[in-house]
Amino acid sequence: QVLPGEYLRSHPGADSAGRSDPQDGGMIEVSNLTKAYGETLAVDDLTFNVRPGIVTGFLGPNGAGKSTTMRMILGLDAPTSGTATVDGRPLGEHPLPLRSMGALLEAKAVHPSRSAYDHLRALAVTNGIGNDRVDEVLDIVGLGDVARRGSGGFSLGMGQRLGIAAALLGDPKVVMLDEPVNGLDPEGILWIRQLLQGLAREGRTVFVSSHLMSEMELMAEHFVIIGR
């Protein structure tokens, strides 16, 4: 399998074409972040930083607000108060966001009749990413042999791998994954652990949520823990 950093090592002109430099890792900064839905407080005055070069685990029980926090970091939900920035500014202000940050929130957010290749190609076009990178990330996640099959027939684990491929598509400085081991067998869990630790060693910022303390203990070096 191809490791994420191998593209840059084998294509020394890649950075001049606008690809992000993983050695110049960005930081996620969350300050006094709060989200309320009516009278229900989903996230309450949360402050933390996620720095480059290590895997940071985001831990808490289901319903604690992990996914809501990640949606606010991505700019998908507006905070009631507080701020969330990626590499010094809101993600929505980055001209090519997939090159700054890759994220997986919902693995099945793919049209079932669309192939894995076509799904990634559609994302790539929006950020000026070439077809070669689409093929590369499909190989990284182990979906190269089924890339032209409709994703509606994918298992939950294959859907997770496709979501991870989308997160890696822009070769981003920052990678954020919500419960990425869901649906993976033991071999797949080991694979994602090694992948994320490898990305961190390249100097990237890696932020991953889970409610499984046992797996996070093996995967992460730094933790952000929230409760209900």
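For this chain, numbers begin at 1 and follow the sequence in order.
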Tell me whether [X] contacts the main-chain N or O of [Y] through its side chain, where contact means a donor paired with an acceptor under 3.5 Å.
X	Y	answer
Lys66	Gly60	yes
Arg204	Leu196	no
His222	Arg51	no
Glu29	Thr85	no
Ser209	Glu179	yes
Asn127	Ile129	no

What is the distance from atom [atom1] of [X] to atom [atom2] of [Y], rounded to the nearest 0.5 Å?
X	Y	atom1	atom2	value
Gln194	Leu218	CD	CG	11.5 Å
Leu120	Asn131	CG	CG	11.0 Å
Leu104	Arg161	CG	CZ	13.0 Å
Gln197	Ile54	CD	CD1	11.5 Å
Lys173	Leu199	NZ	CG	15.0 Å
Glu136	Asp139	CD	CG	8.0 Å

Quick one: are [X] and [Y] in side-chain contact, heavy atoms under 4.5 Å?
X	Y	value
Glu215	Arg193	yes
Met219	Val181	yes
His94	Asp87	yes
Leu195	Ile164	yes
Val134	Tyr117	yes

For [X] and [Y], work out which heavy atoms get closest and say how close.
X	Y	answer
Gly57	Ala220	N-CB, 3.6 Å
Pro52	Gly203	CB-O, 3.4 Å
Leu177	Ala103	CD2-C, 4.5 Å
Pro172	Ala167	CG-O, 3.4 Å
Ile28	Met101	CD1-CE, 4.0 Å
Gln160	Asn182	CG-O, 2.9 Å

Applying the 4.5 Å side-chain criterion to the ILVMFWY set and letting contacts propagate, would [X] and [Y] be lumped into a single cluster?
X	Y	value
Phe154	Trp191	yes
Leu105	Leu33	yes
Met213	Val206	yes
Val125	Leu168	no
Val55	Phe223	yes

For a quick test of your reading: what N or O donor-acceptor pairs under 3.5 Å do the side chains of residues 39-48 make, sequence neighbours left out?
| unit_1 | atom_1 | unit_2 | atom_2 | d |
| --- | --- | --- | --- | --- |
| Asp45 | OD1 | Asn32 | ND2 | 3.0 |
| Thr47 | OG1 | Asn32 | N | 2.8 |

Exercise answer: donor-acceptor pairs, residues 67-83 side-chain atoms, under 3.5 Å, sequence neighbours excluded:
| unit_1 | atom_1 | unit_2 | atom_2 | d |
| --- | --- | --- | --- | --- |
| Ser67 | OG | Asp178 | OD2 | 2.5 |
| Thr69 | OG1 | Gly65 | O | 2.8 |
| Arg71 | NE | Asp77 | OD1 | 3.4 |
| Arg71 | NE | Asp77 | OD2 | 3.1 |
| Arg71 | NH2 | Asp77 | OD1 | 3.3 |
| Asp77 | OD2 | Tyr37 | OH | 3.2 |
| Thr80 | OG1 | Ala36 | N | 2.9 |

From Leu143, Leu162, Leu169, residue fulfilling side chain to side chain contact (heavy atoms under 4.5 Å, CB included) relative to Val137:
Leu169

